[in-house]
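We count ligands from 1, going down the list as the structure has it; atoms in each ligand are counted the same way.
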Amino acid sequence: MDLLQSLNEKQREAASHDKGPILVIAGAGTGKTRVLTHRIAYLIDTNRAMPWEVLAITFTNKAANEMKERIGQLLDYPIDRMWIGTFHSICVRILRKNIERIGYDSNFVIYDTNDTKIVIKDCIKELNLDTKKYNVNSIKSIISSEKNRRNSADDYIKEHFNEFYKRNVGEVYALYEKKLKIANALDFDDLILKTIILLENEQDVREYYQERFKYILVDEYQDTNLVQYSLVKILGKKPDGENNVFVVGDEDQSIYGWRGADINNILNFEKDFEGAKVVKLEKNYRSTNVILNAANGVIQNNCQRKGKNLYTDFEGGNLIRVLEMDNEKDEAFTVSCLIRKEIRENNASYSDMAVLYRTNAQSRALEEGLIREGIPYRIVGGLKFYERKEIKDIMAYLMLTFNQKDNISFDRIINVPRRKIGQKTIDLITEYADRKGISKFDSCYELDGIGLTNSASKSVSDFISMMEMLMIKKDVMPVSEFISDVFEVTGYKSMLLEDETVEGRSRLENIDEFLSAAKDFEERYEDNGLEDFLSHVSLLADIDKTDETKNNCVTLMTVHSAKGLEYDTVFVTGLEDGIFPIIHQEPDSDDEEEERRLFYVAITRAKRMLFITYANDRMRFGNHETKLKSRFLKEIPAECVEDTNPMAYAAKKIEGLDKNIKKMPSFVKSNFFKGSLDVEKEKPKLKSDKIVAGDKVMHKSWGVGTVVQIKDDGDSKTVVIAFESKGIKNLNLEYAPIEKI
Ligand code: ATP
Ligand code: MG
């Protein structure tokens, strides 16, 4: 019972629930995840279940790791063997063991978003469809949502037989499925879908897992889609009729409708799982009263909700600051200054703070602001380490050593680095492979049939011999050593070493980082072979790609990625109509409600201090756009927001900061940012004094330009530069982020 001491009565009731389905439905910060974690510890501690008999499903890999850590602390028990992970990672584990039952090899590869787009593009071409009319992204999302509705390509074609466009999309879908099957590959949606098919078709496999997982727990249940729901349903139903499914969620935080999540899964839980117990929690332990009132004020404008009000013992709290900015650069600068101020005045550390935005594209300006102010940060999602070319190339080598049917990887690296295998040779190999219905790799064993020139044949067979060596080595070397071997013997390393540009160096650094990631993986996991590593990397889904190596730094991420997390201080940026809410939706539409829930998620991440910013002008897709502040702002009760807006005023005063920081009114420095503006001291020292008219310079954002003139304004110097892409600009010589080239 000790274990549950730190829970309140309602929470304890849920955590110690005995048998049968149970739903904890409660608002943000009421301790749902905490209850779920404590329940797992409780089940194990009271011998109701052994660690491997518990299946816990989280929304992100990060959440899974945190949960493991917490359970480890509560129990002082080895947690390696526990099944705690995302839907995808759990399904990969089940499929690796059993997928042969449904006609795949167990060494299947997982195609990520980019891979699937490449395949779709190929299909469109192969079917001779007009690439302008048949857009890869929209077909990708059609295929994905059809899969999530459990509609096959045939179903889709039948359904739309008389609609020319859609029928063709159906044909693309069919060919896409065929290609994946030939490559022994699954996309993300397949991972769950195939698991369900496996469980439905194979009684013994189904019963094995149903019996094995005595207790199933799902966090963020409001964001499950149909196939995820079906999986929970199948696994939860024991052959003896028992059903120990424990789900927690909040209908007000359902923010993945666009990806097929169905809010009805949580709303209908009591109907779907007979005899379900329902526990509601209303006390919030995370945020101040002010922040909660703001959140309540916003969400009550939604109609599709059960309705609940959160309360807290944390009376009062700092008022929310809503700051008006001129543009995204001011926003970035102001956020940076405020971060400094928090550190200086409230003894905060960087890791207590998060900067949230609606779309990934907003991160670049914010990043630049932080970099310039020397504030350490990490990005969750967006930067996409694993999508960088060099990482994808090395990954392709690894995947191909693992599965030679993987044509996408084959194409990617057959001539990278260059090994004299030209496009013509590749086309011939492709044609041959298609004709014979075999993989491209296998075709390379039949060079005579393909009809290559002697020199091309030689290059191809050298490539194959090299790959064969690697295929042997992969079974005997630890992953990190193997990767470093791949890096060398493929010639990739020398290629990067020869490239002396900044880019080349940063690529080398990325490979180093990749090697440390592999080392880290080896140390952290018991199952740490190449196969496990490949699954692990493929599953680092966009929503939670994060650089775990940095600790004390500010976190930047989209609101979607912030789900479930909490920070002392939160900045929600870009509160403009068209950004947040993202498009100009009809008032009162479903989409608007989902955007509002997203705003509710954003607000409720903050524990103590919340800043909200919006800009009047924002650069998007290379154009300036004038913005109106978000319609959601007026839904925050006025008494929660700081009355005057001195910050915004200050921000306005410092708008010309780039041009002349020294001329900024002293009250701005002393009153509003209290020392946080001593960025002057910390600006990187540039070699700008050596710059003279005629020099070529590189500007951080604007690229290469030619210095036209240096003007002396008395206490500062202005440099006039003609940029190749941006035209003439006047910049303060001392502070402009330029370097002579
Ligand atoms: P979200 O909806 O955002 O996922 P949640 O309902 O999962 O939120 P948790 O993250 O579990 O909420 O809890 C929010 C915070 O409140 C955490 O810091 C947690 O440790 C704390 N907390 C929850 N319950 C209690 C409690 N009984 N006593 C003290 N702190 C608590
Ligand atoms: Mg939670």
Side-chain angles (χ1 to χ4, degrees), residues 1-16 22-42 56-67 69-71 73-74 84 86 217-224 246-256 261 263 266 279-289 291-292 294-296 298-299 305-306 308-314 317 351-352 354 356 543-544 555 557 559-570 572 597-608 610:
M1 228 29 201
D2 265 355
L3 256 182
L4 304 185
Q5 226 170 23
S6 68
L7 300 183
N8 70 30
E9 202 178 314
K10 278 266 168 210
Q11 292 175 330
R12 208 176 305 137
E13 182 186 331
S16 61
I22 163 165
L23 160 73
V24 177
I25 185 157
T30 51
K32 296 182 296 295
T33 304
R34 186 178 165 114
V35 168
L36 196 151
T37 310
H38 278 73
R39 175 165 174 79
I40 298 174
Y42 169 83
I57 300 172
T58 59
F59 205 76
T60 62
N61 292 311
K62 187 170 190 293
N65 287 337
E66 275 177 22
M67 193 169 285
E69 237 164 66
R70 280 196 208 149
I71 295 172
Q73 285 160 8
L74 285 171
I84 300 179
T86 59
L217 305 97
V218 189
D219 198 1
E220 309 277 3
Y221 190 71
Q222 75 280 356
D223 276 322
T224 46
F246 176 99
V247 308
V248 309
D250 175 7
E251 82 276 13
D252 287 335
Q253 294 185 71
S254 166
I255 54 176
Y256 280 90
I263 201 167
I266 195 160
V279 174
K280 291 189 177 168
L281 309 171
E282 293 208 314
K283 180 165 174 182
N284 173 297
Y285 288 88
R286 178 181 293 148
S287 311
T288 64
N289 204 20
I291 292 170
L292 268 193
N296 285 335
V298 168
I299 199 66
R305 61 189 300 250
K306 285 195 162 175
K308 55 183 175 293
N309 250 348
L310 301 180
Y311 72 95
T312 171
D313 287 345
F314 199 140
S351 53
D352 294 332
L356 309 183
I543 47 171
D544 64 336
T555 306
M557 63 193 146
V559 183
H560 279 100
S561 317
K563 200 164 71 145
L565 306 179
E566 58 186 22
Y567 294 88
D568 178 81
T569 300
V570 171
V572 187
R597 291 194 290 271
L598 196 56
F599 188 41
Y600 172 79
V601 169
I603 295 173
T604 52
R605 297 310 96 198
K607 293 193 202 169
R608 184 186 59 83
L610 177 64

Would a distance-only check, ignoring hydrogens and angles, find a side-chain to backbone donor-acceptor pair under 3.5 Å from [X] to [Y]?
X	Y	value
Asn289	Gly317	no
Lys607	Glu566	no
Ser254	Glu251	no
Arg12	Leu7	yes

Spatial distance of atom CD1 (Ile266) from atom OG1 (Thr224) [nearest 0.5 Å]:
7.5 Å
To the nearest 0.5 Å, what is the distance between NE2 on His560 and OG1 on Thr60?
13.5 Å
With atoms numbered from 1 as shown, which atoms in ligand 1 lie under 4.0 angstrom from a non-hydrogen atom of [X]?
X	value
Gly564	4 (O)
Asn8	27 (N)
Ser6	26 (C), 27 (N), 28 (N)
Arg605	3 (O)

Quickly, which of Val279, Leu4, Val35, Val24 forms a side chain to side chain contact (heavy atoms under 4.5 Å, CB included) with Gln11? Name it, please.
Val35
Looking at ligand 1, is there an atom of it that comes within less than 4.0 Å of some heavy atom belonging to Asp250?
no
Proximity flag Lys283 to ligand 1, non-hydrogen atoms under 4.0 Å
no
Regarding [atom]: of the candidates [options], which has the closest heavy atom?
atom	options	value
atom 9 (P) of ligand 1	Ala562, Gly27, Gly31	Gly31
atom 27 (N) of ligand 1	Arg70, Glu66, Glu9, Gln11	Gln11
atom 30 (N) of ligand 1	Gln5, Gln222, Arg34	Arg34

Of all heavy-atom pairs linking Leu356 and Ala562, the shortest is CD2-CB, 3.9 Å
[atom]: the protein heavy-atom neighbour that sits closest, reported with distance to 0.1 Å:
atom	result
atom 5 (P) of ligand 1	Lys32 N, 3.4 Å
atom 10 (O) of ligand 1	Arg286 NH2, 3.1 Å
atom 16 (O) of ligand 1	Tyr285 CB, 3.2 Å
atom 14 (C) of ligand 1	Glu566 OE1, 3.4 Å

Does any N or O atom in Gly29 lie less than 3.5 angstrom from one in ligand 1, N or O only?
yes
For the side chain to side chain donor-acceptor pair (under 3.5 Å) test, which of Asp313, Thr312, Asn8, Thr30 pairs with Tyr285?
Asn8
